[in-house]
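I have placed the structure first, in the form of structure tokens, so that the comments after it can refer back to it.
Just so you know, these numbers come straight off a predicted model, no measurement behind them.
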Amino acid sequence: MGFFRSILRGKRRRHKPSSPPPVHSGAAQPLVMDLETNIKELQARLSQSPDLVTRRIPIKASGERAALIYLDSLTDKVSINHDVLRPLMHETAVDPQIENIVTVGRMKTETDLYQIEKAILQGYSILLVENTGTAYLLCTHGWPQRAIEDPQLEASLKGAHQGFVETSSQNIALIRRYIPNREMKMIEMQVGERGMTTVSILYLADVANPEVLQELVERIKRVDIDAILSSGELEEYIEDNPYSPFPQFTSTERPDSVASQILQGRLAMVVDKSPEVLIGPANFAMFFQSVDDYSIRWQVSSFIRLLRFAAFFLTIFLPAFYIAVISYNFEVIPLKLLLSVGQSRQGVPFPPIVEALIMELTLEMLKEAGIRLPAPIGQTVGIVGAIVIGQATVQAGVVSNIMVIVVSLTALSSFIIPNNDMSAAIRLIRFPMMLAAFLYGLLGVGIGMLVVLGHLIALESLGTPYFSPFGPLRFSDMKDSIIRLPMWKMIKRPLSSNPIQQRRHGNGTNRGGNR
């Protein structure tokens with residue numbers, strides 16, 4: 001028995017879980033003077049990383065021993081060979097300082113091992129020199145990236161055809177090309193303990209409100225998360241009302257749109273690894289503006305904006321209004337139209353609310369399937385959906401012809417909204433509106449309208465009124481809201497962006513043509 005007990009104890013010992021590997025905290029740990037000790041410490045921190053390269057080299061100019069450490073997948077090999085290795089190993093210099101030998105553009109020194117580890121993970125190359133206790137962080141970033149292409153979600157007829165990519169430095173360069181001004185400033189921050197996503201805030205120092213800027217910086221600093229993978233995730237952490245369906249920051253993939261908003265006194269947030277840039281503070285009217293509005297005649301632009309605002313009301317209230325008048329308030333319908341509607345609904349077994357829900361949910365499913373599937377299959381889904389909605393459901397007596405018209409007009413209206421986030425929000429709101437219409441008729445629609453209006457008035461974006469210029473009423477901002485006046489008539493920047501320099505450079509008569 002003792003033999004078996006010893007075997008069992010031995011098995012238990014063999015199956016005893018090993019102690020977890022040491023966890024390196026973010027506490028500061030300085031480099032030591034010994035080169036090999038520093039190399040071993042960094043290799044231990046980045047263990048099980050096959051792409052970690054450690055190259056021991058002699059510095060020809062000084063005769064010292066050194067080591068270059070970097071992640072092969074995140075660095076530019078051409079820059080390392082030409083700007084770092086070749087000068088260090090083959091060139092001599094009168095002053096053998098590293099700064100005089102290495103030809104990398106950006107370089108800084110660091111003595112903390114935790115910061116050095118973070119730099120390696122961000123694509124820096126680390127040069128350690130014997131008996132110095134200092135590391136040189138060399139900017140040799142280089143990772144796979146796609147070319148600059150035409151924006152997919154914000155196509156333009158007359159505007160530029162450059163869209164943002166997933167690298168923040170390229171996105172910032174695209175914006176700077178539109179505003180080559182010394183007042184264009186940038187604040188860079190790191191968000192996420194593990195992801196260490198770089199968030200850059202761009203603004204005009206003599207235009208943007210410093211209180212709004214400080215509020216935004218504080219909100220980003222308070223974000224405590226492993227990683228931010230997209231601008232949408234950051235938006236959820238810093239918006240004023242997270243329970244509102246309305247977007248409180250506008251996002252765009254066009255550098256010309258970002259430049260236009262910065263010139264108006266707003267702040268742009270460039271999130272690394274995300275092809276969209278957040279802009280705040282935002283107001284309600286911004287979500288109905290497009291970059292093409294400023295490239296075409298102002299009369300045409302105003303007409304299109306009126307269509308968009310009309311589409312906003314149609315998308316939210318048209319199905320609810322139909323349900324209300326069919327279920328409760330049919331006396332408001334002209335007699336001939338009422339007879340036509342009654343004939344259309346003859347044989348439909350469902351009440352109007354069920355009929356509307358079937359059609360609206362079917363449409364949403366078809367739309368979602370069309371977006372997620374590859375383009376050739378997505379077109380097939382659209383054709384099948386049109387047949388199902390347009391013909392099969394009517395012939396089967398599931399829904400009426402009038403309901404098909406209502407749903408089609410609602411879908412068409414939602415597609416006119418240029419901002420996808422706002423379009424999704426109003427598509428969501430129409431469902432509680434339909435329920436209110438089913439319960440209380442036109443009274444329910446009116447109550448729902450007041451609730452939406454009150455919510456919009458109470459909403460804020462970075463502490464500024466969201467429903468401006470309609471609530472609070474600001475007549476000067478009306479020049480670029482529901483309609484657009486000529487550009488030379490917009491003398492002041494919009495008050496909704498809360499700028500400290502309100503006047504643009506103009507007096508309203510600075511036209512180049514004949515008066």
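Panel note: side chain Thr132, backbone Val129; a donor-acceptor pair is recorded below 3.5 Å. The closest donor-acceptor contact from the side chain of Arg254 to the backbone of Glu154 lies under 3.5 Å. Ser260 places no side-chain N or O within donor-acceptor distance of the main-chain N or O of Asp256, the cut-off being under 3.5 Å. Side-chain atoms of Arg493 never come within 3.5 Å of backbone atoms of Pro499 as a donor-acceptor pair (strictly under, hydrogens ignored). Between the Ser497 side chain and the Gln264 main chain, a donor and an acceptor come within less than 3.5 Å of each other. Under the 3.5 Å distance criterion, the side-chain polar atoms of Asn241 are left unmatched by any main-chain donor or acceptor of Glu460. Listed for the Lys60 side chain is no donor-acceptor partner under 3.5 Å among the backbone atoms of Pro58. In this structure, Glu368 contributes its side chain and Glu364 its backbone to no donor-acceptor pair below 3.5 Å. Although no hydrogens or angles enter the test, the distance criterion places no donor-acceptor pair under 3.5 Å between the side chain of Ser301 and the main chain of Arg297. In this structure, the side chain of Asn498 does not engage the main chain of Val212 through any donor-acceptor pair within 3.5 Å.
When the shell of 6.0 Å around CG of Asp224 is examined, it contains 12 or fewer heavy atoms from other residues, nucleotides or ligands.
In this structure, a donor-acceptor pair under 3.5 Å is present between the side chains of Gln29 and Arg45. Side chains of His161 and Ser156: a donor-acceptor N/O pair is absent below 3.5 angstrom, by distance only. Residues Arg427 and Ser414 have side chains that never bring a donor and an acceptor to within less than 3.5 angstrom of each other. With hydrogens and angles left out, the side-chain atoms of Arg86 and Thr103 include no donor and acceptor closer than 3.5 Å. For the 3.5 Å distance criterion, the side chains of Ser73 and Asp51 qualify, holding a donor opposite an acceptor. Side-chain contact check for Asp34 and Thr37: at least one donor-acceptor pair (N or O, by modelled atom type) lies under 3.5 Å.
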Ser244 and Gln248: side-chain contact (heavy atoms from CB on, under 4.5 Å), yes or no, with the steps? CA-CA 9 Å; Ser244 172; Gln248 292 145 59; 3.7 Å; yes
Starting from the C-alpha separation in whole Å, work towards a yes-or-no answer on side-chain contact (heavy atoms from CB on, under 4.5 Å) for Gln289 and Arg484. CA-CA 10 Å; Gln289 299 171 356; Arg484 181 182 79 80; over 6 Å; no
Go through Leu153 and Asn420 one step at a time and tell me if the side-chain contact (heavy atoms from CB on, under 4.5 Å) criterion holds. CA-CA 8 Å; Leu153 299 178; Asn420 189 51; 5.5 Å; no
Salt bridge (Lys or Arg N to Asp or Glu O under 4.0 Å) between Asp240 and Arg219: does it pass, once the steps are laid out? CA-CA 10 Å; Asp240 291 65; Arg219 291 187 187 188; 3.0 Å; yes
Please lay out, stage by stage, how Leu462 and Phe249 fare under the test side-chain contact (heavy atoms from CB on, under 4.5 Å). CA-CA 9 Å; Leu462 283 177; Phe249 290 93; 3.8 Å; yes
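Nearest approach of Ser496 to Asp477, heavy atoms of both residues: N-OD2, 3.1 Å. For the residue pair Gly123 and Thr75, the shortest heavy atom distance occurs at O-CG2, 3.3 Å. A pairwise comparison of heavy atoms in Asn419 and Ser251 identifies ND2-O, 4.0 Å as the closest pair. Looking at every heavy atom in both residues, Leu157 comes nearest to Asp292 through N-OD2, 2.8 Å. Listed here is the closest heavy atom pair of Asp272 and Thr197: O-CG2, 3.5 Å. The two residues Val104 and Asp83 have their closest heavy-atom pair at CG2-CB, 3.8 Å.
Using a 4.5 Å cut-off on side-chain heavy atoms (C-beta onward), Pro247 and Met422 make contact. Ile228 places a side-chain heavy atom less than 4.5 Å from the side chain of Val271. Considering only heavy atoms from C-beta on, Arg308 comes within 4.5 Å of Pro418 through its side chain. A 4.5 Å side-chain heavy-atom check between Glu276 and Thr252 finds every atom pair outside the cut-off. For the pair Leu213 and Asn209, the minimum side-chain heavy-atom distance is 4.5 Å or more. For the pair Leu88/Leu68, no side-chain contact is recorded, criterion being any heavy-atom separation below 4.5 Å from C-beta on. Side-chain contact between His141 and Leu74 is absent, with no heavy atoms from C-beta onward closer than 4.5 Å. Inter-residue side-chain proximity for Lys492 and Lys479 is flagged as unmet; no heavy-atom pair is nearer than 4.5 Å.
In terms of the side chain to side chain donor-acceptor pair (under 3.5 Å) criterion, residue partners of Ser274 (sequence neighbours excluded) are, by chain and number, Ser231. For Ala411, the side-chain contact (heavy atoms from CB on, under 4.5 Å) partners two or more places apart in sequence, or in a different chain, are Leu363, Phe415. In terms of the side chain to side chain donor-acceptor pair (under 3.5 Å) criterion, Glu110 has no residue partners (sequence neighbours excluded). Residues satisfying the side chain to side chain donor-acceptor pair (under 3.5 Å) criterion with Arg305, sequence neighbours excluded, are Asp293, Tyr294, Asp480. Applying the side chain to side chain donor-acceptor pair (under 3.5 Å) test to Gln170 and every residue at least two apart in sequence or in another chain returns Gln145.
Within the model, atoms CG of Leu128 and CD1 of Ile116 stand 6.5 Å from one another, a figure rounded to the nearest 0.5 Å. Of the inter-residue distances, the one linking Ile120 atom CD1 with Leu137 atom CG reads 8.0 Å to the nearest 0.5 angstrom. Rounded to the nearest 0.5 angstrom, Glu253 CD and Asn171 CG are separated by 10.5 Å. With rounding to the nearest 0.5 Å, the separation of CG in Leu456 from CG in Leu459 is 7.0 Å. Atoms CG and CD1, on Leu127 and Ile101 in that order, are 9.5 Å from each other to the nearest 0.5 Å. Note that CD of Glu235 and CD1 of Ile238 are 7.5 Å apart. Values are rounded to the nearest 0.5 Å.
Aromatic pair Phe284/Phe312: centroids less than 6.0 angstrom apart. Taking the six-membered ring for Trp and the full ring otherwise, the centers of Phe470 and Phe467 sit less than 6.0 Å from each other. Aromatic ring centres of Tyr70 and Tyr124 lie farther apart than the 6.0 Å criterion allows.
A side-chain contact (heavy atoms from CB on, under 4.5 Å) with Tyr203 is found for exactly one of Lys185, Met269, Arg266, namely Lys185.
For residues 139-152, the pairs satisfying salt bridge (Lys or Arg N to Asp or Glu O under 4.0 Å) are Arg146-Glu149, Arg146-Glu166, with sequence neighbours left out.
Lys40 has no carboxylate O lying under 4.0 Å from a charged side-chain N of Glu36, or vice versa, which leaves the two without a salt bridge.
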